[in-house]
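Below, read A as the first sequence line, B as the second, and so on, with proteins coming before strands; counting in each chain starts at 1.
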Amino acid sequence: MDQGSTYKQIYEIVKQIPSGKVATYGQIARIAGFPGHARLVGYAMHSLPNNSGIPWHRVINAKGQISFPKDSVENALQRSMLEAEGVVFNLNNSVSLKRFQWRI
DNA sequence: CTCGTGACGGTAT
DNA sequence: TATACCGCCACGA
């Protein structure tokens, strides 16, 4: 099912994440057909243009936290976007995956 | 063509 | 149960 590039597969999965939910890199990689290749997802996100329309902010790491440094503007932006969708963060800056993690 | 790096995950201790 | 280390593929220069 690889119509073109590997990244496109990943993007297709990310676009399926519903608002108010989040998914982990590993989960996306597994669904896209690359189990254990979470890093590729991260690199794919890094390669995303700002106007791609991909909900990249709904992608977080397995620890339930944003992978960007807490002092990074990208981190604050992602967190702000998630909160706008109803996602709640714990005191340790982690998302309650039990409540918000996307399920297939 | 070759080398290094990256928005991470899993397993072992 | 928590923390540390290593490895994986693809892309860009």
Heavy atoms within less than 4.0 Å of DNA chain B: which residues of residues 89-98 of chain A have one? Give them sorted by number. none
Verify, without hydrogens or angle tests, whether A/Q27 (side chain) and A/A62 (backbone) share a donor-acceptor contact under 3.5 angstrom.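 Checked: no pair found.
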On DNA chain C, check which nucleotide each of A/L40 and A/S47 is closest to and give me the residue with the more 5' one.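 Here A/L40 is the residue nearer the 5' end.
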Name the nucleic acid region contacted by A/F34, choosing base, sugar-phosphate or nothing; use a 4.0 angstrom heavy-atom cut-off, strictly under.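 The residue A/F34 makes no contact with any strand.
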Donor-acceptor pair, side chain of A/N61 and main chain of A/K63, under 3.5 angstrom: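 Present.
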Geometric cation-pi criterion A/R79 and A/F89, 6.0 Å radius, 45° cone: yes
Indicate, with a heavy-atom threshold strictly under 4.0 Å, whether A/G36 touches base, sugar-phosphate, or nothing.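 Nothing: the residue A/G36, judged by heavy atoms under 4.0 Å, touches no strand.
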Give the rounded distance in Å between these two atoms: CZ of A/R39 and P of B/dG4. 15 Å
DNA chain C: 5'-most and 3'-most nucleotides touching chain A, 4.0 angstrom heavy-atom criterion: C/dG7 to C/dC11
Quick one: does A/Q78's side chain have a donor or acceptor within less than 3.5 Å of a partner on A/S67's backbone? no
Starting at NZ of A/K63 and ending at C1' of B/dG10, how long is that distance when rounded to a whole Å? 13 Å
Heavy atoms under 4.0 Å, any strand shown: does A/H46 hit a base, just sugar-phosphate, or nothing? base
Are the side chain of A/Y7 and the backbone of A/L40 linked by a donor-acceptor contact shorter than 3.5 Å? no
Rounding to an integer number of Å, can you tell me how far A/I10 CD1 sits from B/dG9 P? 13 Å
So, does A/E85 use its side chain to make a donor-acceptor pair with the main chain of A/S19 at under 3.5 Å?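 Absent.
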Would you find a donor on one side and an acceptor on the other, under 3.5 Å apart, between the side chain of A/S96 and the backbone of A/K98? no
Pairwise distance OG(A/S47) to CD1(A/I10) - rounded to 0.5 angstrom: 10.0 Å
